[in-house]
Asks: 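Take this structure, written in structure tokens, and hold onto it; I'll ask about it next.
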Amino acid sequence: MVEHIINSEEKRDFLFLNPQSQDLLFRQEKGSALRLFFIDYSNIEGENRFRVNVEQKGEDCRTEIYVLSFLRGRYRQHFTSRIVHAVGNGYSRQIIRYVLTDEAKGDFAGDVVLSPNAQHIDAQQSNRNLLLSNTATIRTRPCLEIYADDVKASHGSSTGQLDESALFYMQQRGLSFSEARDMLVLSFMSECIEPIADVAQREDLMHTLYSILQNA
Amino acid sequence: MNELLHIEDLHASIEGKEILQGINLTIREGEIHAIMGPNGAGKSTLGAVLAGHPSYEVTQGKVVFRGKDLLSMPAEQRAREGLFLSFQYPVEIPGVSMVNFMRAALNDKRAYEGKEPIAATDFLKLMREKKQLVEMADKLNNRSVNEGFSGGEKKKNEIFQMAMLEPRLSILDEIDSGLDIDALRIVANGVNALHKEDNACLLITHYQRLLDYIVPDYIHVLANGKIVYSGGKELAKELEEKGYEWLNI
């Protein structure tokens with residue numbers, strides 16, 4: 001396991017681009033801000049397991065986790081996140097997006113823990129999964145553990161296919177099926193790309209995702 | 001005038017249930033037609049079938065659009081040929097901006113016509129110009145397609161897209177539903193401004209009110225999947241007064 005300490009009042013971004021299996025722990029001191037980006041699109045076979053633990057040990061911490069998994073071929077990916085709010089006045093956001101095609105398999109488990117001392121927490125987890133083939137599968141287990149009473153916490157998870165009414169609407173205006181599909185999928189993925197600070201890197205990523213999608 | 005659309009004995013079903021049961025209709029350049037009729041008559045189905053909605057199956061008949069077999073074309077080719085369907089319920093597409101959507105649609109049509117893609121500055125100028133037609137705010141560009149639009153804004157946005165794409169035949173499915181009187185006037189003015197000698201319009205509506213603003217050349221009554229009566233614009237008043245019963249439908 002690799003451990004990172006985010007010092008008091010420090011702001012850190014980490015970008016993991018097509019990483020191998022990882023087990024990570026982030027400890028946040030008072031007033032720190034952490035943003036994690038996991039972007040996984042290059043594999044078409046094999047298996048990776050990611051575990052991300054975040055502990056907000058000091059008050060007034062902010063944590064944002066963005067996970068974009070574009071899984072293809074026979075690739076299998078497991079992602080487990082666990083955010084522990086140990087003390088009060090913390091904030092956390094998780095945006096977890098899966099796009100799966102071919103026979104790829106995804107497995108996501110996300111846990112948010114609000115300890116008894118963690119009052120005035122604002123925690124949200126959003127997981128959406130888009131299946132582009134009938135043979136791809138996603139397993140998802142979002143979980144909230146709340147032991148404090150004065151908190152705002154929510155999670156949501158949905159899995160579906162492309163919106164057929166949107167596809168027809170776009171085709172009616174002259175877009176081809178694949179053009180409409182690519183536009184819808186890219187906009188879905190962009191939620192995890194848009195917050196990346198570096199504009200050039202952001203554009204690079206969108207471009208790469210677009211060309212992979214066109215050949216998918 | 002040249003024939004734009006010719007429908008002959010069109011039958012169509014959804015999930016095995018026959019909705020259109022032999023439609024015959026010819027629309028020429030420069031004409032405005034209105035289709036009225038009771039709920040469930042098949043009015044919206046006719047629009048959806050002509051636009052190539054995948055849920056409907058055409059079981060019989062033929063449709064010729066600009067001299068070509070419409071029914072053999074995929075939906076996007078019908079659009080590029082110049083067939084536009086304004087949706088009764090325009091779809092919200094979060095994350096896809098109006099600018100990107102319209103640029104893609106316009107350039108696909110241009111490519112189909114063998115033209116170069118439109119230059120970025122010309123495109124933005126065109127957007128600005130066409131937005132004025134339906135009195136839409138400038139912020140439209142950065143918004144996602146129909147996302148968070150009010151009912152009236154969605155209908156204006158349909159007419160805006162029609163203005164951008166300059167179709168030859170526009171099928172406007174209940175363009176008046178859910179509009180207050182001001183929005184109705186704006187939408188109708190837009191449609192009238194876009195009406196030219198070489199294009200045509202097929203209005204699908206429940207209410208005579210719309211036909212006070214957009215005056216049709218012909219009115220057809222659709223019932224039980226067939227056109228049972230056709231007349232001139234005066235038919236609207238008659239239907240308003242007497243309902244559909246006198247037609248024995």
Side-chain angles (χ1 to χ4, degrees), chain A residues 39 66-68 70 95-99 124 126-130 132 134 156-196 199 202-203 205-207 209-211 213-214, chain B residues 47-56 73-113 144-147 154 157-158 160-167 169-171 173:
Chain A
I39 297 165
Y66 300 92
V67 177
L68 171 59
F70 181 15
I95 309 281
I96 295 117
R97 299 288 179 262
Y98 277 80
V99 177
Q124 280 181 22
S126 154
N127 167 229
R128 288 171 60 204
N129 312 304
L130 187 57
L132 299 181
N134 291 328
S157 177
S158 67
T159 298
Q161 291 166 308
L162 281 173
D163 179 354
E164 283 183 15
S165 59
L167 282 170
F168 177 64
Y169 186 78
M170 295 168 92
Q171 286 174 277
Q172 205 304 301
R173 301 295 135 97
L175 275 68
S176 67
F177 173 84
S178 59
E179 205 176 1
R181 181 198 69 166
D182 294 353
M183 222 178 242
L184 291 175
V185 176
L186 274 187
S187 81
F188 181 85
M189 291 176 168
S190 71
E191 278 186 87
C192 291
I193 306 290
E194 285 299 316
I196 293 174
V199 179
R202 216 157 61 203
E203 285 175 358
L205 275 168
M206 289 307 285
H207 190 76
L209 291 167
Y210 179 61
S211 39
L213 190 57
Q214 282 188 305
Chain B
V49 167
L50 292 175
H53 194 288
S55 299
Y56 296 93
M73 297 178 193
E76 65 266 27
Q77 194 185 344
R78 301 181 193 198
R80 292 169 191 174
E81 277 284 343
L83 187 142
F84 182 89
L85 172 67
S86 163
F87 284 50
Q88 188 180 354
Y89 303 106
V91 183
E92 297 195 14
I93 313 176
V96 174
S97 75
M98 273 306 296
V99 170
N100 287 343
F101 179 49
M102 268 297 97
R103 187 163 41 213
L106 189 62
N107 281 334
D108 281 340
K109 181 167 186 276
R110 289 173 68 93
Y112 185 75
E113 291 165 349
S144 293
V145 179
N146 293 322
E147 192 186 24
K154 282 181 181 166
N157 192 21
E158 294 293 274
F160 162 71
Q161 293 177 52
M162 173 181 160
M164 289 293 290
L165 297 170
E166 299 183 328
L169 175 66
S170 300
I171 303 166
D173 189 3

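Note on naming: letters A, B, ... go to the chains in the order of the sequence lines (proteins, then strands), and numbering restarts at 1 for each one.
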Asks: Heavy-atom distances under 4.5 Å only: say whether A:Ser176 touches chain B with side chain, backbone, both or neither.
Replies: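 A:Ser176 touches chain B through backbone and side-chain heavy atoms alike.
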Asks: Can you name the closest pair of heavy atoms from B:Arg80 and A:Leu175 and give their distance?
Replies: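 Smallest interatomic distance, heavy atoms only, reads NH2-C, 3.9 Å.
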Asks: Minimum heavy-atom separation for A:Met183 to B:Ala104, with atom names?
Replies: CE-CB, 3.6 Å
Asks: For A:Phe177, which atoms come within 4.5 Å of any heavy atom of chain B: side chain, backbone, both, or neither?
Replies: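 Backbone only.
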Asks: Side chain, backbone, both or neither: which part of B:Pro167 has an atom under 4.5 Å from a heavy atom of chain A?
Replies: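 For B:Pro167, no heavy atom lies under 4.5 Å from chain A.
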Asks: Where on B:Leu83 is there a heavy atom nearer than 4.5 Å to chain A: the side chain, the backbone, both, or neither?
Replies: both
Asks: Test of understanding: with side-chain hydrogen bond (donor to acceptor under 3.5 Å, both in side chains), list the residues that count as partners of B:Asn107, not counting sequence neighbours.
Replies: none
Asks: Looking at A:Gln172 and B:Leu85, would you say the former's side chain and the latter's main chain have a donor-acceptor pair under 3.5 Å?
Replies: yes
Asks: Restricting to non-hydrogen atoms, name the atom on B:Gly95 and the atom on A:Ser187 that form the minimum distance, rounded to 0.1 Å.
Replies: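 Minimum heavy-atom contact is O-CB, 3.2 Å.
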Asks: Below 30° counts as parallel, above 60° as perpendicular, anything between as tilted: where do the rings of A:Tyr169 and B:Phe101 land?
Replies: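 The rings of A:Tyr169 and B:Phe101 lie parallel, inter-plane angle below 30°.
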Asks: I need the minimum non-hydrogen distance between A:Ser165 and B:Val91, along with the two atoms involved.
Replies: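 Minimum heavy-atom separation between A:Ser165 and B:Val91: O-CG2, 3.7 Å.
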Asks: Using non-hydrogen atoms and a 4.5 Å limit, figure out which bit of B:Leu165 sits close to chain A: side chain, backbone, both or neither.
Replies: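 For B:Leu165, side-chain heavy atoms alone lie under 4.5 Å from chain A.
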Asks: Measure across B:Ala79 and A:Gly174 and return the closest heavy-atom pair with its distance rounded to 0.1 Å.
Replies: CB-N, 3.5 Å
